[in-house]
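Single-structure report; data block below.
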Amino acid sequence: CGAFRTADQAGTLQSRIAVQGQNAQVRKGSSAAGTWHRVILGPYSSRATAEQSLSRLKGAGTVQSCTIYAQ
């Protein structure tokens, strides 16, 4: 639901998500563009559950956009 240059920025979004009763993880990764801190939700038991969770976060204004990936 977000990718940030600093851990503090990612932690801020993670905290905002937690206030909404959801769990998010911050994963650090590197690419040619440098280090990124990604805020990730899930895993969820179904796509429908993930979509409901995302809908609640968007409705609360916590996230602007988020992509749902199937594993």
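Throughout, numbering of the chain's residues begins at 1 and tracks the sequence.
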**Q.** Val26 vs Leu13 side-chain heavy atoms within contact, under 4.5 Å
**A.** no
**Q.** Closest non-hydrogen atom pair between Gly34 and Arg5, with its separation
**A.** CA-NH1, 3.8 Å
Q: Using distance alone, with no hydrogens and no angle criterion, decide if Thr6 and Gln9 have a side-chain donor and acceptor under 3.5 Å apart.
A: yes
(Q) Can you confirm whether Gln64 sits close enough to Lys58 that some side-chain heavy atom of one is under 4.5 Å from a side-chain heavy atom of the other? (A) no
Q | Exam field: side chain Arg16 to backbone Gly11, donor-acceptor pair closer than 3.5 Å | A | no
Q.
Working to the nearest 0.5 angstrom, can you tell me the gap between Tyr69 OH and Ile40 CD1?
A. 9.5 Å
Q. Hey, does the side chain of Ser53 reach the backbone of Thr49 with a donor-acceptor pair shorter than 3.5 angstrom?
A. no
Q: First locate atom CD1 of Ile68, then atom CG of Leu54, and finally report the distance between them rounded to the nearest 0.5 Å.
A: 5.0 Å
Q.
To the closest 0.5 Å, what do you measure between CD (Gln14) and NE2 (His37)?
A. 12.0 Å
Q. Can you list the steps and then say if Val19 with Thr62 is a side chain to side chain contact (heavy atoms under 4.5 Å, CB included)?
A. CA-CA 9 Å; Val19 167; Thr62 305; over 6 Å; no
Q: Apply the test side chain to side chain contact (heavy atoms under 4.5 Å, CB included) to residues Cys1 and Leu41: give CA-CA distance (whole Å), side-chain angles for both, the deciding distance (0.1 Å), then the verdict.
A: CA-CA 7 Å; Cys1 287; Leu41 301 173; 3.5 Å; yes
Q. Do Thr35 and Lys28 have side-chain heavy atoms sitting under 4.5 Å apart?
A. yes
Q.
Measuring from atom CZ of Arg38 to atom CZ of Phe4, what distance do you get when rounded to the nearest 0.5 angstrom?
A. 11.5 Å
Q: Enter the distance from Trp36:CH2 to Ser31:OG here, rounded to the nearest 0.5 Å.
A: 7.5 Å
Q: Determine whether Gln25 and Val39 make a side-chain contact, defined as any pair of heavy atoms from C-beta on separated by less than 4.5 Å.
A: no
Q: Hey, could you give me the CG/OG distance between Asp8 and Ser15, rounded to the nearest 0.5 Å?
A: 10.0 Å
